[in-house]
Amino acid sequence: MKSLQVVTPSEPCIYHCPFCISKTHRHFNRFQNVYQEDFQKWKTSLEQVLEENKDLKTVVITGTNEPMQTPKCVKDILDIVRAKRKDVTVEIQTRRYLPSRLYEEIDIVAYSIASFSLLDKIEVCGKKARYVIILTDSFSHKSLQEILANIPDTVSQVTFKVLQESIEGNTEVDKWIQIHKADDETVQKLKEDISNYHGTKSILFDECCMNAKARYEIFRCDGKVYKDWDEVK
């Protein structure tokens, strides 16, 4: 396991992103909240995963809602990883654009951005910042050069993500994505330009962000590890 996604406890999200694929999972994100009910059990489980997976390189703090809704959990995850695996990079995926003291303690703050107009309006902070650009129609007809020109110099990493529909389909999220995803021509041109990019930023193009197979595993608030986002135990 090279990467572990550690999920904060699920609760109603403050952002209500219309493309959020976590809304479409068949399990409805209903997992026992061992983090809250028996913290020591949850902590021991996470520590065991960290200790057993010697090849682990990255822990990503994420959630089925905005993880910064539960900053204590974010801090707990960070402290446990730091205590057990100082060699592991800790990243947080967030839509909270305001500065936070927590961000200063985390290795990478990955800001999720779904609108071109927001690129130059975020108060970037932390040791290292990543922009995760969700390719909505806000980015249609925008070139890689136009997008990069609006990203602060302090952002060293950029990941472009294609919107993904649910496994079963026919959901409100899928309908929104079908209407509001970036057009195919823009997406293809971005892929080509990224493959030929030789600038100072690290740029990735992700067409299968929800496909965990051979990429990462998922540690949920029930203290169990899952192979993919739809798995239940």
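Position 1 is the first residue of the sequence, and the numbers go up from there.
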Verdict with supporting geometry, Met68 and Leu102, side chain to side chain contact (heavy atoms under 4.5 Å, CB included): CA-CA 9 Å; Met68 286 296 288; Leu102 263 177; 4.1 Å; yes

Asn65 to Cys13 - nearest heavy-atom pair and separation: CB-CB, 3.5 Å

For Ala129 against Thr154, the heavy-atom pair lying closest together: CB-O, 4.3 Å

Classify the ring geometry between [X] and [Y] as parallel (under 30°), tilted (30 to 60°) or perpendicular (over 60°).
X      : Y      : result
Phe31  : His27  : perpendicular
Phe116 : Phe139 : perpendicular
Trp42  : Tyr35  : perpendicular

Report yes if the side chains of [X] and [Y] come closer than 4.5 Å at any heavy-atom pair, otherwise no.
X      : Y      : value
Gln93  : Gln5   : yes
Tyr216 : Leu4   : no
Thr94  : Glu66  : yes
Phe160 : Ile147 : yes
Ser166 : Val173 : no
Leu56  : Val49  : no
Phe219 : Ser45  : yes

With a 6.0 Å cut-off (strictly less than), is the heavy-atom count around [atom1] of [X], excluding the residue itself, greater than 12?
X      : atom1 : value
Lys142 : NZ    : yes
Gln145 : CD    : yes
Lys41  : NZ    : no
Glu51  : CD    : yes
Asn196 : CG    : yes

Give, for atom [atom1] of [X] and atom [atom2] of [Y], the distance between the pair rounded to the nearest 0.5 Å.
X      : Y      : atom1 : atom2 : value
Leu135 : His180 : CG    : NE2   : 15.0 Å
Lys181 : Asp174 : NZ    : CG    : 10.5 Å
Phe28  : Lys23  : CZ    : NZ    : 14.0 Å
Thr62  : Ile77  : OG1   : CD1   : 9.5 Å

Derivation and outcome, side-chain hydrogen bond (donor to acceptor under 3.5 Å, both in side chains), residues Ser115 and Ser117: CA-CA 5 Å; Ser115 174; Ser117 64; 2.9 Å; yes

So, are [X] and [Y] salt-bridged, with charged N and O less than 4.0 Å apart?
X      : Y      : result
Glu104 : Lys127 : no
Lys75  : Glu105 : yes
Asp107 : Arg82  : yes

Check against side chain to side chain contact (heavy atoms under 4.5 Å, CB included), Ile92 and Leu78: CA-CA 10 Å; Ile92 186 169; Leu78 178 63; over 6 Å; no

CA sep, side-chain torsions, deciding dist, call: Asp183, Thr186, side-chain hydrogen bond (donor to acceptor under 3.5 Å, both in side chains): CA-CA 6 Å; Asp183 68 281; Thr186 296; 2.6 Å; yes

Derivation and outcome, salt bridge (charged side-chain N to carboxylate O under 4.0 Å, His left out), residues Lys189 and Glu192: CA-CA 5 Å; Lys189 186 65 167 60; Glu192 293 172 3; 5.5 Å; no

